[in-house]
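Data first, discussion second: the structure below is written as structure tokens.
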Amino acid sequence: MKRVVVGLSGGVDSSVAAYLLQQQGYEVIGLFMKNWHDDSVTISNECPWLEDSNDALLVAEKLGIPFQTVDLSEEYKEKIVDYMFNEYEKGRTPNPDVLCNREIKFDVFMKIALSLGADYVATGHYCQKNEIEVNGETVYQLKAGADTNKDQSYFLCQLSQEQLAKSLFPIGELTKPEVREIAAQMDLITADKKDSQGLCFIGKVRLPEFLQQKLQPKDGVIIQIDKNDSVYNSEKQEGLTLEEDLAFDARKIPYTPEMGKKVGKHQGAHYFTIGQRKGLNVGGTTDPLFIIATNVVTNTIYTGLTSQHPGLFKKSLSIEKSEVHWIRKDLALANGETMDVMARIRYRQPLQKATLHQFENGMYVAFDEPQSAITEGQFVAWYLADELVGSGVIS
């Protein structure tokens with residue numbers, strides 16, 4: 001009998017995952033990860049992890065499976081929270097959920113599970129795993145969840161073959177309504193529970209306040225750049241190589257305060273991200289202002305009117321060589337090779353047609369259509385049909 005440890009989060013998805021594994025004849029153990037101690041920055045008064053761990057316990061009791069809580073707050077602080085502060089300080093925007101899966105759930109947590117004699121770790125992610133043979137070797141595929149509305153493959157875009165080999169995603173072929181239906185039939189306490197939002201496992205955190213604990217506020221100006229500014233019409237030189245051409249399309253536009261007009265003040269450029277429009281508190285504009293760039297060195301925020309401002313759009317992005325990650329190592333590109341893919345630069349973005357170009361120093365992802373708010377520090381993930389084959393950190 002194979003033993004599987006389920007990360008019970010206190011939500012409906014992992015509850016049903018545990019039940020389905022039990023039905024499939026696995027020996028199931030429920031484990032709740034406690035990753036956060038500091039309640040001073042969570043928004044709601046109720047303590048989310050206490051409530052969640054209690055729900056997880058009740059589900060385990062209902063299913064008659066052993067249950068325990070593991071405290072991973074040390075590792076979480078070091079691998080996720082400190083990393084986030086670091087990235088924000090550099091003016092980048094990290095994705096804690098992707099990292100949490102790579103560094104915590106499918107690493108630290110997985111090691112604990114394996115030490116308990118588990119053959120697999122299971123989670124309530126909406127994605128699917130498949131096994132194929134390539135040159136006589138077993139290769140694992142990470143595929144989109146059957147519920148296209150809920151597909152969470154993007155959050156697992158940094159997993160490795162070794163991690164996938166030990167993972168199970170029991171609800172991947174179900175839709176969310178079907179999952180809730182099963183939970184209701186089983187009379188699980190989590191059947192009608194709302195989906196959790198906010199940082200994985202921290203609960204609803206107010207990001208600016210959270211960041212202010214570490215990053216000191218400092219006054220700076222908000223500059224508005226006109227959509228007809230000449231910087232958007234700079235011509236490409238003749239005779240560029242393909243790599244230079246892609247680099248030009250992916251470049252950061254060198255904004256300076258002189259290029260626009262001052263429209264307001266802010267408390268620190270490192271609290272803001274590209275494409276953001278809330279929290280600027282600038283009034284009196286005809287259309288909403290969107291952030292088109294931030295500069296943490298000069299502590300300046302650059303904005304443009306409307307979601308169609310040219311400063312928001314780019315045709316390509318770059319990934320440093322060390323940040324290119326292939327789930328399907330057998331498909332990895334060699335220097336000079338290209339691949340047509342479907343890609344997304346954020347969770348829930350509809351897949352976009354793109355071409356990967358691998359060079360000596362890194363990779364470019366060139367999109368057929370210009371993309372809005374390509375953000376440094378976020379992940380781009382690429383797919384062949386419904387299979388997520390690789391990803392990288394946008395540089």
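Side-chain atoms of Gln371 and Gln349 include a donor-acceptor pair closer than 3.5 Å. Side chains of Ser9 and Ser14: a donor-acceptor N/O pair is present below 3.5 angstrom, by distance only. Residues Asn335 and Gln358 have side chains that never bring a donor and an acceptor to within less than 3.5 angstrom of each other. There is no side-chain donor-acceptor pair under 3.5 Å between Thr355 and Thr338. For the residue pair Ser395 and Ser318, a side-chain donor N or O sits within less than 3.5 Å of a side-chain acceptor on the partner. Residues Tyr140 and Asn130 have side chains that never bring a donor and an acceptor to within less than 3.5 angstrom of each other.
The number of heavy atoms from other shown groups lying within 6.0 Å of NZ (Lys261) does not exceed 12. Within 6.0 Å of CD in Glu74 there are 12 or fewer heavy atoms belonging to other residues, nucleotides or ligands. By the 6.0 Å contact criterion, CG on Asp192 is open, its count of non-hydrogen atoms from other residues, nucleotides or ligands being 12 or less. The number of heavy atoms from other shown groups lying within 6.0 Å of CD (Gln185) is above 12. Counting heavy-atom neighbours within 6.0 Å of Lys236 NZ, excluding the residue itself, gives a total above 12. Within a 6.0 Å radius of CZ in Arg277, no more than 12 heavy atoms belonging to other residues, nucleotides or ligands are found.
Put simply, the side chain of Thr273 does not reach to within 4.5 Å of the side chain of Tyr88, judged on heavy atoms. Val59 places none of its side-chain heavy atoms less than 4.5 Å from the side chain of Phe67.
For residues 147-173, the pairs satisfying salt bridge (Lys or Arg N to Asp or Glu O under 4.0 Å) are Lys150-Asp195, Asp151-Arg344, with sequence neighbours left out. Pairs engaging residues 125-136 under the salt bridge (Lys or Arg N to Asp or Glu O under 4.0 Å) rule: none recorded [sequence neighbours left out]. Within the structure, no pair that satisfies the salt bridge (Lys or Arg N to Asp or Glu O under 4.0 Å) test touches residues 226-235, not counting sequence neighbours.
Contact detail for Leu331 and Met339: the closest heavy-atom pair is O-CE, 3.5 Å.
A perpendicular orientation is assigned to the rings of His309 and Tyr232, their planes being inclined by more than 60° (bins at 30° and 60°). Ring-plane geometry between Trp326 and Trp382 is classed as perpendicular, the angle between the planes exceeding 60 degrees on a 0 to 90 degree scale with a lower cut at 30.
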| request: Show your working on side-chain contact (heavy atoms from CB on, under 4.5 Å) between Val108 and Lys79 and close with a plain yes or no. | output: CA-CA 10 Å; Val108 179; Lys79 290 178 186 251; 4.0 Å; yes
| task | Apply side-chain contact (heavy atoms from CB on, under 4.5 Å) to Val221 and Ile223, showing your working. | result | CA-CA 6 Å; Val221 293; Ile223 303 288; 4.0 Å; yes
| task | Step by step, work out the side-chain contact (heavy atoms from CB on, under 4.5 Å) result for Tyr255 and Ile225. | result | CA-CA 9 Å; Tyr255 296 107; Ile225 305 286; 4.0 Å; yes
| said: I'd like to know whether Lys353 forms a side-chain contact (heavy atoms from CB on, under 4.5 Å) with Phe367, so could you lay out the CA-CA distance, the side-chain angles of the two residues, the decisive distance to 0.1 Å, and finally the verdict. | reply: CA-CA 6 Å; Lys353 276 190 160 159; Phe367 292 92; over 6 Å; no
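A donor-acceptor pair under 3.5 Å is formed between the side chain of Ser391 and the backbone N or O of Cys157.
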